[in-house]
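Read the structure below first, then the notes.
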Amino acid sequence: MSKVMTMQEAISKNVESGDLLFVGGSQHGTPSAAIAEIVRQRINHLTVISILANTTLLIGEGLVDKVLTGYAMTDEKRSYALQRAKAVHNVSVTFKEYSHFGVALALFAGYMGVPFLPTKGHIGSDMMKYNENIQSIDCPFTGGQIGVIRAVVPDVGILHVQRCDAEGNTQKWGTLGVDHEGINSSRKVIITTEKIVDSDVIRRDPNRTIIPGFRVNAVVEQPFGAYPVHLVGCYNDGPSGFGAMRDQQSWENYVKEAIHGVKDWNEYLENLKKLNGDDFLENIKIKNPLKSEPVITGI
Amino acid sequence: MSKVMTMQEAISKNVESGDLLFVGGSQHGTPSAAIAEIVRQRINHLTVISILANTTLLIGEGLVDKVLTGYAMTDEKRSYALQRAKAVHNVSVTFKEYSHFGVALALFAGYMGVPFLPTKGHIGSDMMKYNENIQSIDCPFTGGQIGVIRAVVPDVGILHVQRCDAEGNTQKWGTLGVDHEGINSSRKVIITTEKIVDSDVIRRDPNRTIIPGFRVNAVVEQPFGAYPVHLVGCYNDGPSGFGAMRDQQSWENYVKEAIHGVKDWNEYLENLKKLNGDDFLENIKIKNPLKSEPVITGI
Amino acid sequence: MAQIKDTAEYSGIDQMIISASRQIKDTDAVYVGVGFPLEASILAKNLQAPNCTVILENGIVRASLFRLPWTTDTMESQLFAEQLTGLFYVNSLAQAGHLALGVMGAGNIDRYGNVNDTAVGDYNKPIHRWMGSGGANDVMSFCRKTIIIMEQNKRRFPEKVDFVTCPGYFDGEPEAREKVGLPPNTGPVAVITDLATYTFEDGEMTLESVHAGCGITLEKVKAALGWDIKVAKDLMDTEPPTEEEMRTYREKIVAARRVMPPRPMPSIPTPSR
Amino acid sequence: MAQIKDTAEYSGIDQMIISASRQIKDTDAVYVGVGFPLEASILAKNLQAPNCTVILENGIVRASLFRLPWTTDTMESQLFAEQLTGLFYVNSLAQAGHLALGVMGAGNIDRYGNVNDTAVGDYNKPIHRWMGSGGANDVMSFCRKTIIIMEQNKRRFPEKVDFVTCPGYFDGEPEAREKVGLPPNTGPVAVITDLATYTFEDGEMTLESVHAGCGITLEKVKAALGWDIKVAKDLMDTEPPTEEEMRTYREKIVAARRVMPPRPMPSIPTPSR
């Protein structure tokens with residue numbers, strides 16, 4: 001059964017104010033277009049769990065109440081996004097800090113359907129003092145102390161990938177960060193993809209599927225959906241303008257140009273080409289594509 | 001650094017009497033050739049952890065003291081292998097029984113490097129009464145009861161795969177049973193492979209690697225290394241003779257023909273062809289190979 | 001193996017598989033064991049549930065139709081699956097509550113739906129042994145609903161099993177599953193045999209319908225049970241197979257049944273349940 | 001950023017990276033953070049450790065040589081890796097004890113090797129904030145040995161950190177790591193700065209060598225520390241870079257340093273440490 005819909009539908013049907021949201025694509029293939037649509041729809045009071053991924057924009061637009069993270073600027077003095085959240089939207093963001101692996105473990109516990117996972121990390125650190133989701137217990141087998149990280153089950157997860165089929169059978173390659181555990185822990189699942197492929201492509205390489213169709217609520221075809229973040233096999237990091245959006249003027253310009261001044265991501269991409277030349281997106285595409293050696297199946 | 005060696009070397013250098021052994025390939029791609037070599041070298045007092053895989057032969061040859069399993073005939077009255085272990089080798093085998101997922105969890109805990117994993121299964125079952133590796137504790141977060149399965153860290157793990165490179169970067173496709181957690185939990189790792197491929201093949205599809213070279217101690221190229229069990233992309237289940245080896249005569253015939261009467265698996269394969277016709281192995285090869293759609297990388 | 005002799009054009013076994021297959025909805029993701037459960041799920045995919053996703057424990061997640069394989073993990077059941085992964089992944093799907101339904105066999109089952117796949121008599125000196133849980137404990141612990149398919153006789157339906165491999169409703173006390181830590185709102189919901197179908201009312205197995213169409217009587221059913229079964233107020237005759245069901249069943253299941261391919265080694269993995 | 005002015009042909013930073021790279025053995029699997037640690041590991045792969053496996057937290061397991069990337073996860077650092085996976089896998093490798101060495105940066109470090117990457121002053125009203133642990137706690141909790149590379153000044157080397165992001169040896173009590181449940185035989189083994197190198201003796205940071213070759217003196221080192229440092233009995237001058245080391249360092253590291261490519265969005269993932 002096809003799950004294909006527009007980005008507008010995918011977000012409005014599946015993301016609600018107050019949701020606990022997982023954002024995939026830490027460092028690789030961030031779902032930038034989907035994030036932009038959440039901003040466009042001004043869905044607020046979100047709690048976000050992610051590794052390094054696009055939370056700054058959501059924060060600065062006042063849509064985030066709480067962040068579960070291993071790495072973020074939590075100090076208003078040093079973050080324009082936090083200042084803006086407070087000044088423009090009257091939102092104070094709270095943070096629960098883990099080490100990166102703690103975020104992975106919380107999501108992994110959610111994916112497995114257990115209330116926590118044990119770890120030999122985090123223990124003895126002061127993170128435990130300020131994050132009640134990290135505890136230490138007596139190990140039932142060894143007698144020593146063992147850390148435990150509480151499960152996180154996001155209401156909705158978003159992942160951008162290279163290919164999936166209309167039913168939502170989803171394949172991503174390259175580094176996966178916390179994508180596997182994050183998307184599999186999520187109750188509702190939105191997949192945005194560079195390309196919707198025939199199911200036959202998926203089914204000739206089923207080991208690459210990271211979540212099966214029956215777990216997926218929405219499939220959106222969105223080329224350059226991770227731009228300006230790199231996506232293996234597709235495009236490199238986007239050029240120009242880094243360091244902008246650190247003040248009110250540049251931030252508001254960006255939000256207007258990329259989100260509220262356009263109806264969708266495709267119009268934004270078209271505007272990028274108008275501004276920067278028709279070859280703007282072409283230029284960041286990979287230049288020397290390499291193919292994997294096919295694996296064989298059959299009877 | 002190349003890890004390539006003969007099966008004889010791989011087993012003699014890495015498997016010792018008294019070892020806790022993980023056998024991969026539950027239901028798919030069992031490392032039959034490697035098991036035969038353990039029998040040939042008569043390495044005994046093994047504890048074996050596996051799902052449905054080739055333990056019967058090891059048991060009947062008196063090489064196994066203990067089995068960690070989710071599914072096995074534990075009753076001497078109903079198992080020729082157990083009768084033979086006792087009568088011929090004076091070995092009484094003990095069993096620790098889990099559900100299948102319990103075996104996966106024990107290995108997964110070993111792979112993660114934690115002393116246990118929690119689960120909502122096994123609890124309330126009588127398996128807990130007879131297997132001290134399954135306990136129930138107060139959940140540190142929810143207050144309710146939660147099952148815990150003790151980690152298993154095998155001394156050595158054996159996996160048969162379709163391809164790996166000389167350094168041991170290993171790729172298997174098709175169902176994986178407990179292969180991923182089993183081989184990654186093992187201290188020493190033996191990979192037997194249908195084919196040793198150029199590292200370039202691995203490195204153009206690194207997402208398929210299930211264990212990296214630095215974790216691997218031995219690589220053995222062994223065509224038909226899973227025979228008579230099917231291996232995706234290579235061959236179907238082997239024909240003839242199922243149901244044999246349920247008595248002394250058939251058992252001893254098999255062990256002579258397949259193991260002690262030949263110097264290695266390749267000689268056994270040659271004998272199979274002599275007995276059954278040159279096309280014997282050719283006939284079980286897949287007839288209609290299908291290729292996966294390559295994934296693209298590059299810069 | 002007790003084969004039902006009857007005068008109808010279908011046997012109790014046929015009725016059992018067809019009745020079980022009706023329980024699978026088109027939107028379900030179903031955790032399926034080997035044997036009858038696999039047959040029931042393939043039948044459902046050929047009838048009312050073409051889109052249901054079949055989950056096989058060794059790591060197969062499959063929405064597309066496939067021919068009845070001789071066991072769960074074969075070249076054919078793997079080929080063209082939507083996802084191939086491992087036992088850990090499919091059981092995590094189950095444990096996290098994503099699987100609507102489990103369909104499995106059983107060695108013994110008792111009044112409160114507790115299943116014994118391990119030992120009759122003393123565990124250390126058993127009168128009878130099966131191979132153990134396999135994936136059965138996983139299925140019945142995790143799936144939101146579990147259906148058990150098994151041939152019925154008095155020996156296999158004791159009032160209380162000697163060994164609980166898969167907890168049902170323990171002694172029938174309310175919330176007994178939740179108290180030990182099993183996921184809420186799980187447990188056996190139906191037992192379907194070659195004689196009758198059963199549901200669970202307040203945790204107790206309750207006779208729902210008798211396979212009258214193939215000559216089974218209430219007395220026959222009761223004689224093949226180890227206790228005085230609770231009978232539903234609206235006890236019915238089991239809905240006989242429709243023509244379409246029987247045709248599809250004959251074509252896709254009976255004709256496709258294959259014996260395990262003969263193999264030369266003694267140490268072949270036995271298919272799990 | 002304190003840049004060492006010196007008369008030699010190499011700076012304290014050069015010495016720091018080269019000294020750190022020497023710690024990596026050809027057989028090691030090394031968990032590497034972004035920045036100086038990445039530079040040190042790429043340098044090692046071009047010198048004495050061509051076969052070492054470099055582990056990057058987002059899921060890169062890489063034995064083959066690669067050009068210094070501008071951060072850990074780039075198209076180039078991914079391309080042709082031996083294994084691409086996720087954060088869970090690489091940290092499981094670490095937690096299970098398979099990684100011989102971790103190399104990381106730090107915000108502050110104290111007398112007993114405790115690292116603060118979080119907050120100076122009160123956690124809720126900090127005088128200074130960093131981005132938090134990233135992968136640092138994972139590296140230092142799990143790797144058999146951890147090396148910290150950082151530029152040195154008195155502020156970054158307090159006697160006691162205000163917030164323990166990554167436990168070192170706590171207060172120096174024997175077995176303190178094991179008591180809280182950290183894996184046995186782990187912890188920081190060296191701190192390498194632009195002024196000096198340190199080891200840990202009985203859990204206490206101990207001055208091992210001074211970068212005399214680029215004009216650093218013992219006094220200068222002591223002035224850039226927040227406590228009276230324990231000095232090794234056999235205090236040495238740091239072994240200066242060899243010609244081969246300097247040539248390789250200039251070619252493979254200095255020439256390959258790139259700034260982060262400019263990007264149009266504010267919400268770019270900041271590279272982790």
Side-chain angles (χ1 to χ4, degrees), chain B residues 26-28 30 32 51-57 60 69-75 78 81 97-101 104 108 119-127 130 136 144-147 173-181 228-230 232 236-246 251 254, chain C residues 56-60 71-75 78-81 84-89 91 94-95 116 118-119 123-124 126 128-138 141-142 163-167 170 176-183 260-273:
Chain B
S26 48
Q27 304 184 54
H28 170 227
T30 304
S32 308
I51 297 274
L52 304 175
N54 267 343
T55 50
T56 311
L57 180 63
T69 181
Y71 196 74
M73 181 38 68
T74 65
D75 187 3
R78 290 164 53 91
E97 295 188 78
Y98 304 78
S99 196
H100 275 341
F101 190 37
F108 210 94
T119 180
K120 294 178 183 167
H122 287 72
I123 40 183
S125 96
D126 288 338
M127 287 184 283
Y130 301 96
S136 178
Q145 285 289 296
I146 183 85
W173 54 98
T175 53
L176 293 176
V178 294
D179 293 345
H180 180 270
E181 51 270 36
V229 179
H230 59 289
V232 162
N236 277 285
D237 296 294
S240 85
F242 184 78
M245 293 188 64
R246 296 234 164 122
W251 184 288
Y254 172 79
Chain C
L56 302 172
E57 66 177 358
N58 211 38
I60 301 175
T71 185
T72 49
D73 191 312
T74 70
M75 295 288 263
Q78 289 197 36
L79 185 69
F80 280 133
L84 292 178
T85 168
L87 210 145
F88 185 88
Y89 185 83
N91 281 296
Q95 187 170 235
N116 182 359
T118 306
Y123 178 77
N124 291 311
H128 184 79
R129 265 293 318 205
W130 296 277
M131 303 285 271
S133 170
N137 175 279
D138 309 326
S141 295
F142 298 145
F163 188 103
V164 178
T165 311
C166 313
F170 296 94
R177 287 178 67 86
E178 287 79 359
K179 268 175 210 154
V180 300
L182 288 162
M260 199 186 276
R263 296 200 263 188
M265 284 176 76
S267 45
I268 292 307
T270 309
S272 75
R273 30 145 51 105

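Residue numbering restarts at 1 for every chain, and letters A, B, ... go by the order of the sequence lines.
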In terms of heavy-atom pairs under 4.5 Å, which option from [options] contacts chain B the most?
options              : value
C:L79, C:T165, C:T85 : C:T85
C:A81, C:A119, C:G86 : C:G86
C:L182, C:L84, C:L87 : C:L87

Does a side chain donor of either C:N58 or B:S26 reach within less than 3.5 Å of an acceptor in the other side chain?
yes
Review point. Does any donor atom in the side chain of B:H230 or B:N236 lie under 3.5 Å from an acceptor atom in the other side chain?
Key: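 Judged by distance alone, the side chains do not pair up.
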* Can you name the ring-ring contact (aromatic ring centres under 6.0 Å, His included) partners of C:Y89, sequence neighbours left out? ->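 For C:Y89, the residues satisfying ring-ring contact (aromatic ring centres under 6.0 Å, His included) (neighbours in sequence not counted) are A:Y111, A:H180.
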Item to complete: Return the option, out of B:G147, B:G70, B:S136, B:A104, with the maximum number of heavy-atom pairs under 4.5 Å with chain C.
Response: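 Ranked by contacts with chain C, first place is B:G70.
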Looking only at B:L176, B:D126, B:V178, the option with the highest number of non-hydrogen pairs under 4.5 Å against chain C is B:D126
In terms of heavy-atom proximity below 4.5 Å to chain B, should [X] be classed as side chain, backbone, both, or neither?
X      : result
C:T118 : side chain
C:N124 : side chain
C:L56  : neither
C:F142 : side chain

Inset, instruction - Using side chain to side chain donor-acceptor pair (under 3.5 Å) as the criterion, list what pairs up with B:D179, not counting sequence neighbours. - result: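 Residues passing side chain to side chain donor-acceptor pair (under 3.5 Å) with B:D179: B:K172.
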Query - Donor-acceptor under 3.5 Å (B:T175 side chain, B:G177 main chain) - result: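 Checking the backbone N and O of B:G177 against the side chain of B:T175, no donor-acceptor pair under 3.5 Å is found.
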**Q.** Flag, side chain of B:T119 to backbone of B:G121, donor-acceptor distance under 3.5 Å
**A.** yes
Nearest heavy-atom contact between C:D73 and C:I60 is CA-CD1, 4.4 Å
Honestly, the part of B:F101 sitting under 4.5 Å from a heavy atom of chain C is both
